[in-house]
Number of protein chains: 2
Amino acid sequence: MSEPRYQLLARELSAAIAGDRYPAGSMLPSEVDLASRFGVSRATVRAALDILEHRGLVQRRRGAGTTVLKPGDHPGFGQTIGTIEELIQYARDTRRIVHSVKTIIADIELADRLGIAPGSRWLRIRATRSVPGTRERPICLTDTYVLPELADVRQRLANETLAVCDMIERDHEIVTESIDQQLQAVLVPREAVSLLEAEAGGPALRILRRYYATDGRLFEVTDSLHPADRFAYRMSVTRARRLDHGETDS
Amino acid sequence: MSEPRYQLLARELSAAIAGDRYPAGSMLPSEVDLASRFGVSRATVRAALDILEHRGLVQRRRGAGTTVLKPGDHPGFGQTIGTIEELIQYARDTRRIVHSVKTIIADIELADRLGIAPGSRWLRIRATRSVPGTRERPICLTDTYVLPELADVRQRLANETLAVCDMIERDHEIVTESIDQQLQAVLVPREAVSLLEAEAGGPALRILRRYYATDGRLFEVTDSLHPADRFAYRMSVTRARRLDHGETDS
DNA sequence: TAGTGGTCTAGACCACGCC
DNA sequence: GCGTGGTCTAGACCACTAC
């Protein structure tokens, strides 16, 4: 009907992990166990665990079981690079200038581009960010899409420099659990030229971010355009320690 | 049995697409059709298609079918890499073509660009990576710089498709502790045009990686140029959860 | 050896797009 | 209506890990 069971199950498990029912380092019940507990087939459990694994919440090892991971403690070199706090700090240090706020319905093209459901309603906030106290040109142009029920963030836009997801966290019972991020090189499109004070056809970094709450819900999507000369993305990846008991062979 | 059937099937389909049996814009056979053709179950076909879809080679639409995408015309992004496992798989699935190997001494400009000491000596390996069995253009142009004392990796370049840092880890007492990574949008420079078969001035993603060993030594630097239509960078960022007991227990 | 996750099968029903 | 992909089930065997 509405939501697939494996998604629902992923949300419940993700909430249970966030709620410390399964703390970092502990083991999740086995797949057959989860299947019987939730009254679903093992395939459904596996589909749910696929989601959690992809989000970096758990690690699965054949013959051993499924472990809840600490963020930053990922097998090999983790997909988790940096922290949300770092992203938020970036927002705190810059000033937002809102250019338009508007309710939109996602057409096929936008839905594909953002990875959201076609026909779904979102509040779109179009803004630029600048370094305060300078006459420098803006660092980026960002379209922020939030669920309609969170639309009251628009009251706060004017007075606060916080990231939108930060404001949402404070006003609603929402905690950001993970962010999916995609980076791509593009050329500055004509429509962005005047807002960014950039040259059309210059190099720019496009960053698409999808914000997931602890209950697994996608509640915010941002689509940012950074002219290359004003922004580079830096990150550090550290080798993860194994969570298991066995020592590292040599 | 080494390789799972769904992986093998993914490779065969991917090769068939590359070999123009299913050209861009055309439809793949239906899932049931593929299942009976290859003598596997539909679930196995779906697992294979999941891989192709995730790589951005095909697009699936319920009720409509599976379409082969044109590179550069993807609904979201092109090739994406999320985890190191994928990076390794990426290396395994692509062919390295070495164009030159040469000892260089870093001048001021290079030292600045790579973050290494001016006047230091490095072995530079210039190579492209392509999807094997196709006449597609290369995915990236990479300059790999390694310390002179690790120069014996050059013997392995021809026979192995592994990442250079992987080969170094195996041959020497070096373990990669962390990687500093920097992403930047640039335009394809004239010097890269012929090797990449790309248009000068087109958008490209430049990824600079610095590899540090456990003793803190910088032993490898890579400088990659990915034309935007052939690559996007994907990652997941996780909220730093509260640490219950001691922080990094051993 | 017992239990785990990884793979695979052969069915089934559904929502959706197209004719 | 019909075929498509999306979801789901109830089995099965295997490779691997822990004990």
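Any value given below was found using the heavy atoms of this structure, including those in side chains, with hydrogens, waters and symmetry copies removed. This structure is a prediction, so every number in the text was calculated from the model and none was measured. Per chain, numbering begins at 1; letters A, B, ... match sequence-line order.
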Worksheet, complete the sentence: Correct closest heavy-atom pair for A:Arg113 and A:Leu208 would be O-CD2, 3.4 Å
Worksheet item: Quick one: is C:dT4 close enough that its OP1 or OP2 comes under 4.0 Å of any side-chain N or O from A:Ser30?
Response: yes
Between protein and nucleic acid, restricted to nucleotides 11-14 of chain D and to nitrogen or oxygen atoms under 3.5 Å apart, what atom pairs and distances do you find?
residue: D:dA12; atom: N6; partner: A:Arg42; partner atom: NH1; Å: 3.2

Item to complete: Return the value, rounded to whole Å, for the distance between atom CD of A:Glu53 and atom C1' of C:dG5.
Response: 10 Å
Discussion item. Regarding B:Arg46, tell me which of base, sugar-phosphate or nothing describes its non-hydrogen contacts under 4.0 Å with the strands shown.
Written reply: base
Response to the item:
Atom CD of A:Glu31 and atom C1' of D:dT9 are separated, to the nearest Å, by 15 Å
Worksheet item: Taking atom C1' of D:dG5 as reference, at what distance in whole Å does atom CG of B:Asp33 sit?
Response: 14 Å
Worksheet item: Quick one: is C:dT4 close enough that its OP1 or OP2 comes under 4.0 Å of any side-chain N or O from A:Thr66?
Response: no
Worksheet item: Between D:dC8, D:dT4, C:dC8, which nucleotide has the shortest distance from any of its atoms to the side chain of A:Ser41?
Response: D:dC8
Worksheet item: Side-chain contact, heavy-atom cut-off 4.5 Å: B:Ile207 with B:Cys140?
Response: no
Discussion item. Whole angstroms only, please: what is the CZ-C1' distance between A:Phe38 and D:dT9?
Written reply: 18 Å
Discussion item. For A:Lys102, is there an ion pair with A:Asp143 - N to carboxylate O distance below 4.0 angstrom?
Written reply: no
Practice prompt. Find the distance B:Arg60:CZ to D:dG6:C1' and express it as a whole number of Å.
Written response: 9 Å
Discussion item. I want to confirm an ordering. Mapping A:Ala64 and A:Tyr6 to their closest nucleotides on DNA chain D, which one lands closer to the 5' end?
Written reply: A:Tyr6
Worksheet item: What is the distance from CG of A:Leu49 to P of D:dC8, rounded to the nearest Å?
Response: 14 Å
Worksheet item: Between D:dT17 atom P and A:Met27 atom CE, what is the distance in whole Å?
Response: 13 Å
Worksheet item: Do the side chain of A:Asp107 and the main chain of A:Leu110 share a donor and acceptor less than 3.5 angstrom apart?
Response: yes
Practice prompt. Only pairs at least two apart or in different chains count here, so list each side chain to side chain donor-acceptor pair (under 3.5 Å) that has a residue in residues 34-48 of chain B.
Written response: B:Glu31-B:Arg42, B:Glu31-B:Arg46, B:Asp33-B:Arg37, B:Ser41-B:Thr44
For a quick test of your reading: what N or O donor-acceptor pairs under 3.5 Å do the side chains of residues 115-125 of chain A make, sequence neighbours left out?
residue: A:Ser120; atom: OG; partner: A:Ala117; partner atom: O; Å: 2.5
residue: A:Ser120; atom: OG; partner: A:Trp122; partner atom: NE1; Å: 2.8

Worksheet entry | Whole angstrom value for the distance that separates P of D:dT17 from CZ of A:Arg61 | 8 Å
Worksheet item: Any donor and acceptor pair, going by atom type alone, linking the side chain of A:Arg210 with main-chain N or O of A:Leu114 inside 3.5 Å?
Response: yes
